[in-house]
Amino acid sequence: MNDDDFLRALEACTLAPAAFNHAAHLRAGFLYLQRQDFPEALGAMRRAIKAFAVSIGKDGLYHETITTAFMTLINARLAIEPAGGSWEDFAAHHRDLFDGTALSQHYSRERLQHKLARQIFLLPDRVPDAKDAA
């Protein structure tokens, strides 16, 4: 499925629930950030995830802190990459976004499980190693 079809299916809530896995969340964030500035992209991502979750009967699934954190990480990576790269290239160069290590550098499990983390963006409670921050 090409990028435009993927976003249309996500926004129309016609993707199969199994098709909206972690990688698909990252793909959507990447595509929104390529097409809009950060605040608009984050708003589009929130709306898409929340609507999709409601459409599959899981309206409590949305997590504001995780969504905002991943959108921020993707945005930072895009800022240092050549413009116009494909999703496939981005995914191949940023495997840490897929395996949990990128987020765990900034957040403890306790912070992400805090009762407010789903509702509002909580700031990170970890500082990445200096070698990782460069």
Side-chain angles (χ1 to χ4, degrees):
M1 179 180 308
N2 73 34
D3 293 338
D4 291 332
D5 291 341
F6 170 74
L7 282 183
R8 270 194 293 277
L10 173 61
E11 291 171 354
C13 302
T14 58
L15 279 177
F20 198 46
N21 57 19
H22 179 65
H25 278 74
L26 293 173
R27 181 182 182 192
F30 168 85
L31 294 172
Y32 284 131
L33 285 162
Q34 277 199 320
R35 298 164 186 214
Q36 302 170 38
D37 67 15
F38 184 80
E40 292 171 343
L42 181 57
M45 187 69 170
R46 278 185 187 123
R47 286 186 299 277
I49 293 173
K50 287 180 178 184
F52 190 80
V54 167
S55 79
I56 61 171
K58 296 185 178 185
D59 55 334
L61 215 53
Y62 179 77
H63 197 291
E64 179 67 19
T65 301
I66 290 175
T67 300
T68 303
F70 270 112
M71 290 293 285
T72 302
L73 289 169
I74 295 166
N75 194 51
R77 308 286 175 90
L78 286 173
I80 59 172
E81 301 235 338
S86 71
W87 161 244
E88 292 79 11
D89 290 340
F90 181 85
H93 289 102
H94 300 285
R95 298 308 308 158
D96 63 319
L97 295 174
F98 296 82
D99 66 16
T101 58
L103 203 58
S104 67
Q105 289 181 27
H106 302 279
Y107 286 93
S108 66
R109 178 180 298 272
E110 295 78 23
R111 182 67 149 203
L112 292 176
Q113 291 177 346
H114 190 280
K115 66 181 180 177
L116 289 177
R118 285 189 177 280
Q119 300 165 2
I120 64 171
F121 174 68
L122 298 181
L123 291 170
D125 61 342
R126 290 186 172 165
V127 177
D129 292 335
K131 64 179 173 57
D132 296 328

Compare all side-chain heavy atoms of Ser108 with those of Arg126 and state whether any distance is below 4.5 angstrom.
-> yes
With a 4.5 Å heavy-atom cut-off, do Phe90 and Leu97 have their side chains touching? yes
Between the CZ atom in Phe6 and the CG atom in Leu15, the distance rounded to the nearest 0.5 Å is 6.0 Å
Across all chains, not counting sequence neighbours, the salt bridge (charged side-chain N to carboxylate O under 4.0 Å, His left out) partners of Arg35 are Asp4
Review point. Just by distance, do the side chain of Arg111 and the backbone of Leu123 share a donor-acceptor pair under 3.5 Å?
Key: yes
Is any side-chain heavy atom of Phe70 less than 4.5 Å from a side-chain heavy atom of His63?
-> no
When every non-hydrogen atom of Asp96 is compared with those of Asp99, the smallest separation belongs to O-OD1, 3.0 Å
One should read off an interatomic distance between Trp87 CH2 and Asp3 CG, to the nearest 0.5 angstrom, of 9.5 Å
In terms of heavy-atom contacts, Leu103 and Ala69 come closest through CD1-CB, 3.5 Å
On a heavy-atom basis, the closest approach of Ala24 and Asn21 is N-OD1, 2.9 Å
Side-chain heavy atoms of Leu112 within contact of His114, under 4.5 Å = no
The reported gap from OG1 in Thr68 to CG in Leu73 (rounded to nearest 0.5 angstrom) is 11.0 Å
Smallest heavy-atom separation, Ala23 atom then Phe98 atom, equals CB-CE2, 3.7 Å
### Query
Looking only at atom types and distance, does a side-chain atom of Tyr107 sit under 3.5 Å from a main-chain N or O of Leu122, one as donor and one as acceptor?
yes
* Are any non-hydrogen side-chain atoms of Ile74 and Arg77 less than 4.5 angstrom apart? -> no
Does Arg109, at its CZ atom, have more than 12 non-hydrogen atoms belonging to other residues, nucleotides or ligands within less than 6.0 Å? no
Output for pair (Leu33 CG, Glu40 CD), nearest 0.5 Å, gives 11.0 Å
* Measure from the side-chain N and O atoms of Thr65 to the backbone N and O of Ile120, and report whether any donor-acceptor pair falls under 3.5 Å. => yes
Does NE2 belonging to His22 count more than 12 external heavy atoms closer than 6.0 Å? yes
Here the pair of heavy atoms bringing Ala28 nearest to Met45 is CB-SD, 3.8 Å
Residues at least two apart in sequence or cross-chain that pass side-chain contact (heavy atoms from CB on, under 4.5 Å) with Ala44, listed by chain then number, are Tyr32, Gln36, Arg47
Rounded to the nearest 0.5 Å, the CD1 atom of Ile56 sits from the CZ atom of Phe52 at a distance of 5.0 Å
Looking only at heavy atoms, the pair that brings Ser55 and Cys13 closest together is OG-CB, 3.5 Å
(Q) Side chains of Glu110 and Asp125, heavy atoms from C-beta outward: is any pair under 4.5 Å? (A) no
Q. Does the side chain of Phe20 come within less than 4.5 Å of His25's, by heavy atoms?
A. yes
### Query
Are Thr67 and Phe121 close enough that some pair of their side-chain heavy atoms sits under 4.5 Å apart?
no
dist Glu81:CD -> Phe30:CZ (nearest 0.5 Å) comes out at 8.0 Å
Here the salt bridge (Lys or Arg N to Asp or Glu O under 4.0 Å) pairs for residues 59-71, sequence neighbours left out, are Arg46-Glu64
